[in-house]
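Notes follow once the structure below has been shown.
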Amino acid sequence: MPSTPPFRYDATAVRPSWESLAGDLRAAIEARLGSPVVRADGAGAGFTSGFAALLTTAAGDRVFVKAARSADQRHLCDWYAHEALVTAALPAQVRAPRPLWTLATPDWFVLCAEAVEGRTPSLPWAPDELTATLDTWATAAAALADPPQALRDLKLPALAPMLAEEFGGWRWMASGKVPTPPSAAPGRDHLADLVGLEEAAPALVVTRELTHCDLRLDNVIIDPAGQAWLCDWNWLCHGPAWFDTAILLITAYAGGLDADKLWATHPTAADAPEGALDATLAAMSGYYLTRGAAPPNDAAPAVRAHQTWHGEVALAWLSDRQGWS
C-alpha cells in the first residue's frame, strides 16, 4: 500500500476556465461583484466538473465562485444551492467560508462565497497541518453537537440510513451482487468479519448531532497563518462527529502517523461506542473499493483512483487493528 495516492489532491479537478464561460454568465457575475474580474485562479482540488475559482476584481476584492449548468449539471446546481443554505446557518465557531450571494439564471446556478487564501494539505500529512485540521474539526464538532435551529429547520438527512443502504460493499461482495475487485483481495479471508463490522455501523451513528460527512483532506484549506478551514458542507447530516474523524485519519494512517493514538485522543472520539472505529473502517473500505471498481468517470478522471486508494488504506488500517496483517 503506497503512502501517497497516484495523483495530487490539489490537482484532481477538470473544470472550465473563467474565459471559457459564456459571456452573459461572466457579465452577470461581474455585475453582482460590482467590478470586472481581472484574475481567476481555478480550484484544482475536488471531483466535480463545475466551475470553481478564486476571482479577483479590478476593485481588489477576492471571492470564491462556483457555477454549474442547469442543463447537464443539475445535481451540482442543487448541491451548490444546498451548500449556500447550510453554510449560512453554521454556528460562528465553525471555521468555514460563508456565502455572500447566489445567482440563478435559466441556464446556470452560481454560488459566491468568502475567499479563503491557502492550499490543500499535502500528503504525507505535515504533523502541524493535521493538528490544525483536527483542532478546527473538534471546535466545529462541539458547535454542531447541539445544532442551532437554523440548521434543524433544513431537515437534514440522517447518516444511519445512508450507511445501511449505500455503504454495503462487503455485503454485496459476499452475496455476489458485485464482483470482488482485485483491490479488495486482502479482505477475502475475513469477509464474514468485514460484513459483520459493516452491518454494525448504522446502529452506532444514530444521534441528533450533526457531522460534515465528507471530511477528506481535499475539503480542507490551510491558510497562510497555518489555520485549517473546512469546505464543501453540502453533505451535512445527523451523525456523530467521530465518523468524520475516522475518515480524515485514513490518510494519516497512510503516511505512517499513529492514527490509533490520534483517534483515541481526539475529543470527538471520547464518547464513541465500542467498535465505532472498526465499523467505520469496514463500511468505508467496502464503499470505496466497490466504487473504485466502477467504470471511469469522465467528469472526474481521478475519482476511481481516489476511491480505490482510500479503500485500500482503510482496509489496511482495519487489518492492523484486527490483527489480520
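If you read the sequence from its start, that first residue is 1, and numbering goes on from there. Note that the structure is a prediction, hence the values are computed from the model and not measured.
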Going by distance alone, is a donor N or O of one side chain under 3.5 Å from an acceptor N or O of the other, for [X] and [Y]?
| X | Y | value |
| --- | --- | --- |
| Tyr253 | Asp320 | yes |
| Gln322 | Asp278 | yes |
| Asp244 | Trp137 | no |
| Ser35 | Glu30 | no |
| Trp125 | Thr251 | yes |
| Thr290 | Trp170 | no |
| Thr308 | Ser183 | no |
| Tyr9 | His306 | yes |

(Q) For His190 and Trp324, take the angle between the two ring planes, folded into 0 to 90°, and tell me which bin it lands in: parallel under 30, tilted 30 to 60, perpendicular over 60. (A)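 It falls in the parallel class, under 30°.
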- [ ] Anything under 30° is parallel, anything over 60° is perpendicular, the rest tilted; go ahead and classify Phe167 against Tyr287.
- [x]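 Taking Tyr287 first and then Phe167, their aromatic rings lie parallel (interplane angle under 30°).
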Start with the C-alpha distance between His212 and Trp233, add both sets of side-chain angles, then the distance that settles ring-ring contact (aromatic ring centres under 6.0 Å, His included), and finish with yes or no.
-> CA-CA 6 Å; His212 185 283; Trp233 286 84; 4.6 Å; yes
Ion pair present between [X] and [Y], side-chain N to carboxylate O less than 4.0 angstrom?
| X | Y | value |
| --- | --- | --- |
| Asp107 | Arg69 | no |
| Lys155 | Asp153 | no |
| Lys66 | Asp232 | yes |
| Glu19 | Arg26 | no |

Counting only heavy atoms from other residues, nucleotides and ligands, does the tally under 6.0 Å from [atom1] of [X] exceed 12?
| X | atom1 | answer |
| --- | --- | --- |
| Arg62 | CZ | yes |
| Glu165 | CD | yes |
| Asp72 | CG | yes |
| Asp271 | CG | no |

Within the structure provided, determine whether [X] and [Y] are in side-chain contact (heavy-atom separation under 4.5 Å).
| X | Y | value |
| --- | --- | --- |
| Leu210 | Cys237 | no |
| Leu33 | Asp61 | no |
| Gln73 | Phe51 | no |
| Arg98 | Leu90 | yes |

Would you say [X] and [Y] are hydrophobically clustered, going by side-chain heavy atoms of ILVMFWY under 4.5 Å?
| X | Y | answer |
| --- | --- | --- |
| Tyr80 | Leu100 | no |
| Leu111 | Val86 | no |
| Ile221 | Ile247 | no |
| Val37 | Leu54 | no |

- Item | side chain to side chain contact (heavy atoms under 4.5 Å, CB included) evaluation trace for Val110 with Trp101 | CA-CA 8 Å; Val110 181; Trp101 48 262; 3.9 Å; yes
* Evaluation steps, side chain to side chain contact (heavy atoms under 4.5 Å, CB included), between Leu151 and Gln149 -> CA-CA 5 Å; Leu151 285 176; Gln149 187 63 48; over 6 Å; no
**Between CG on residue Leu215 and CG on residue Asn219, distance to nearest 0.5 Å** =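 If we round to the nearest 0.5 Å, Leu215:CG and Asn219:CG are 7.5 Å apart.
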- prompt: Nearest 0.5 Å, what's the CD-OG1 distance between Glu129 and Thr120?
  reply: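 One gets 10.0 Å once the value is rounded to the nearest 0.5 Å.
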- request: For Trp242, check ring-ring contact (aromatic ring centres under 6.0 Å, His included) against everything at least two apart and list the hits.
  value: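 None.
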query = In chain order, what residues pass the ring-ring contact (aromatic ring centres under 6.0 Å, His included) check against His82, with sequence neighbours excluded?
reply =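 ring-ring contact (aromatic ring centres under 6.0 Å, His included) check on His82 returns nothing, list empty.
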